[in-house]
Amino acid sequence: MAQTSVIATTTRKTKRFIDVLRVLASNGFETFVDNSKLIAAVEGGWSRLNHKIQPEHDPLPLAVRLRVVCEELGTTFVKLGQVLSTRPDLIPEEMANEFKKLQNDMPKVPFSEIESRLNEAYPDGHAKIFSAVDQQAVAAASIAQVHRATLVNGKPVVIKVVRPGVENVIKGDLDILRDLARLAERHFDHLGFRPTEVVEEFARHLEIELDLIHEARATERLSRYFEDDPTVAFPKVHWQATTKTILALEEIQGIQLSQLEPDQLTAVQRQIACKTTTRAVFRMCLEFGYFHADPHPGNLFFTKDQTMVFIDCGMTGMVETRTRYLLGEFVRGVIDSDLERTVRVALEITDADPGLSKDRRFRQEIWEMIGRCDTSTLDGLDFTALLSHFFEVLRHYQIHCPSDLVYLIKALMTIEGVVEEIDPQFDLVATARPLLTRLFAQHYGWSGIKERFLHNAGAYGELIENAPHEVRDMLQQWRRRNYAIELRHDGIRELRQAVVKTGQFVAMALILSAMLLSSAVLMHIEADQAEKGIFTTMGWITLSLCFFYSIMMAAGAWHRRDRS
């Protein structure tokens, strides 16, 4: 049975591999498929794909062709494109913008398959949990499908169901993506990003998204943060109906911002919606350090009581306090046109090589980024433009931006686009300014300094308390001459071994030279005599030993080379 399962899995993977090659070839990647020897792995070659290599006539841009490939390959590849559209630090901007066109609407799975998934999730059957489940799907995304349902207690809910079999599809596709990423790095020199790094980041993202328990916990956590704010809400989680593959949430009644019509909200309501959304996202990012990382219009509902409800909390970000302060210091450096501070923080926040701070070209690009902003106050700062320029510099120097910072910046950039779409006249900076000012004050103000000092007071006290004992121990060791200075040098052992081997070879060469010279002298003594004596015999013996010794040395050197 196990062997049959392995064969079936291998067969499915092979078929999927052929599908991937066919789609790549039909979208202008024939040269890549041919040069990378991928086609050699398919029995029958191009004829098996029913495709011939065609000369490229006016090919579409690379970004467009990659987007079409994702659409044709479905689920995993569509999700990959959507994730990459949020990572302008990993891929060029034109690719990120093209991937934003990928739609989340996927063909709906028949309800019979959804029902099988429900029965798998609940041991006693879904009838024990739901009194009714609407067979018509509300939405169908690449990973999950959404249906309305009613709990046995009569409460209406929406249930998010992971598509049946999607785990195996994703697992197989990820294996293929890893192979393609390695080949792409080998055959394309100027992609502007590292494909293997992108695939591993994507794999981590999918692992989290496939576990709906994570989304349920994230929803509740964010809800707790806003318990004191009646204008911001998150759907209630019904844990009795929630599993790893099923998420049951309160159904939200309101206007989905992605479906907002021009006359549905008044000018005042639009201002309220923008202000509430902006304040909520900035509080999550800068105050709580745990935030909804994908606050696009499809995940926002505006209710009749003017509450903004965030849904789909599967993608969240977490950023530590120090990173938030560094981001604030980065913004302050740009506003103050402080090149030294901006360069230092840019390298520190991305964990880049500090040596870049002395690179004249890098400093020049940072200075140009500051000049493009051309503002001395928060009021005139264009967040989107600043962050776009920052990502351009990072890509140019192949500096990897940490995921936590990317998601934070992405959330801020997304919400700026949302409020601009709802109300182009809305002043986002005016709403965000108090939160940014508070962030600066917490770090640079007297209250911030005092708070950090009190927080570290215990460590300072322990250091002062232990200092006399440490000094006494050092003095005692000094008096007893019980001290030593240890010098370490990485690689010194290898250097010593190399020197020893070199000395051995030199010694052997000198011995061989002496033996050759001795044999020549011995044979020369009786060179004029017709009858050779003992000196000639000793000369030949010495020469034979020299020849034998040379062979032994050569064999030993060859053996050591093979072992290394």
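Taking OG1 from T196 and CG from L177, the interatomic distance works out to 12.0 Å, rounded to the nearest 0.5 Å. The NZ atom of K155 lies 12.5 Å from the OG atom of S131; values are rounded to the nearest 0.5 Å. Taken from CG in L408 to CZ in R324, the straight-line distance is 9.0 Å, to the nearest 0.5 Å. Between the CG atom of L428 and the CG atom of L412 there is a distance of 9.0 Å, given to the nearest 0.5 Å. The distance from atom OG1 of T303 to atom CD of Q253, rounded to the nearest 0.5 Å, is 10.5 Å. The line from CD of E215 to NZ of K244 is 14.5 Å long, rounded to the nearest 0.5 Å.
Across R270 and L265, no two heavy atoms sit closer than the pair NE-O, 3.5 Å. The two atoms that bring K160 and A144 nearest to each other are CG-CB, 3.7 Å, heavy atoms only. Nearest approach of C285 to A411, heavy atoms of both residues: SG-CB, 4.1 Å. Among all heavy-atom pairs drawn from P230 and T307, the shortest one is O-OG1, 3.3 Å. Closest of all the heavy-atom pairs between H238 and E250 is CD2-N, 3.9 Å. In terms of heavy-atom proximity, V152 sits nearest to K128 at CG1-O, 3.6 Å.
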For a salt bridge (charged side-chain N to carboxylate O under 4.0 Å, His left out) check, start with the C-alpha distance between E167 and R117, then their side-chain angles and the critical distance, and finish with the verdict. CA-CA 12 Å; E167 296 94 340; R117 174 70 90 176; 3.1 Å; yes
Kindly determine whether F302 and I272 satisfy side chain to side chain contact (heavy atoms under 4.5 Å, CB included), including the steps that lead there. CA-CA 10 Å; F302 193 61; I272 292 173; 4.3 Å; yes
Report the C-alpha distance between L212 and T243 in whole Å, list the side-chain angles of each, state the deciding distance to 0.1 Å, and finish with yes or no for side chain to side chain contact (heavy atoms under 4.5 Å, CB included). CA-CA 7 Å; L212 297 185; T243 69; over 6 Å; no
Could you walk me through whether Y325 and F330 pass the ring-ring contact (aromatic ring centres under 6.0 Å, His included) check? CA-CA 9 Å; Y325 287 151; F330 177 77; over 10 Å; no
Show, in sequence, the C-alpha distance, side-chain angles and deciding distance for L118 and V161, and conclude whether the side chain to side chain contact (heavy atoms under 4.5 Å, CB included) test is met. CA-CA 8 Å; L118 291 173; V161 184; 4.3 Å; yes
Please evaluate residues V281 and F291 with respect to the criterion side chain to side chain contact (heavy atoms under 4.5 Å, CB included), reporting the C-alpha separation (whole Å), side-chain torsions for both, the decisive distance (0.1 Å), and the verdict. CA-CA 7 Å; V281 172; F291 53 93; over 6 Å; no
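A heavy-atom distance below 4.5 Å is found between the side chains of L257 and M308. For the pair T76 and L80, the minimum side-chain heavy-atom distance is 4.5 Å or more. By the 4.5 Å heavy-atom criterion applied to side chains, F301 and I255 are not counted as neighbours. Counting heavy atoms from C-beta on, the side chains of E251 and V157 never come closer than 4.5 Å. In this structure the side chain of V334 never reaches within 4.5 angstrom of the side chain of V331, judged on heavy atoms. Counting only heavy atoms from C-beta outward, the side chains of T278 and E416 never approach each other to under 4.5 Å. At least one side-chain heavy atom of V162 sits under 4.5 Å from a side-chain heavy atom of L210. Within the 4.5 Å cutoff, the side chain of I114 has heavy atoms near those of the H147 side chain.
For the pair H292 (side chain) and G314 (backbone), a donor-acceptor distance under 3.5 Å is absent. At distances below 3.5 Å, not a single donor-acceptor pair connects side-chain atoms of S223 with backbone N or O atoms of T219. Checking side-chain atoms of T350 against main-chain N and O of A346 turns up a donor-acceptor pair under 3.5 Å. Formation of a donor-acceptor pair under 3.5 Å by the Y122 side chain with backbone atoms of A127 is not found in this model. In this structure a side-chain-to-backbone donor-acceptor pair under 3.5 Å is missing from Q145 to A140. Judged purely by atom type and a 3.5 angstrom limit, E287 has no side-chain atom pairing as donor or acceptor with the backbone of M284. Judged by distance alone, the side chain of N27 and the main-chain N or O of V23 form a donor-acceptor pair under 3.5 Å. Of the possible polar contacts, none joining the R148 side chain to the A137 backbone as a donor-acceptor pair under 3.5 Å is found.
Atom CD of E207 sits in a sparse spot, with 12 or fewer heavy atoms from other residues, nucleotides or ligands closer than 6.0 Å. Sparse packing is recorded around CD of E420, with 12 or fewer heavy atoms of other residues, nucleotides or ligands lying under 6.0 Å away.
For F426, the ring pair (Phe, Tyr, Trp, His ring centres under 6.0 Å) test picks out no residue, with sequence neighbours left out. The side-chain contact (heavy atoms from CB on, under 4.5 Å) search around Q135 returns F111, not counting sequence neighbours.
In this structure, R283 fails the cation-pi test against Y225, since its NZ or CZ atom is not both closer than 6.0 Å to the six-membered ring centre and inside 45 degrees of the ring normal.
The residues E72 and R67 are annotated as not salt-bridged, no charged nitrogen and carboxylate oxygen being separated by less than 4.0 angstrom. A salt bridge does not link E220 to K236: none of the charged side-chain nitrogens sits closer than 4.0 Å to a carboxylate oxygen. Residues R178 and E200 are paired through a salt bridge, judged by an N-O separation under 4.0 Å between the basic side chain and the carboxylate.
Side-chain N/O atoms of N119 and H126 include a donor and acceptor closer than 3.5 Å. Under the 3.5 Å distance criterion, with hydrogens and angles disregarded, a donor-acceptor pair is assigned to the side chains of R279 and T231. Judged purely by distance below 3.5 Å, without hydrogens or angles, the side chains of H214 and D211 never pair a donor atom with an acceptor atom.
Below 30°, between 30° and 60°, or above 60°: for F234 and F310 the angle between ring planes is below 30°, a parallel geometry.
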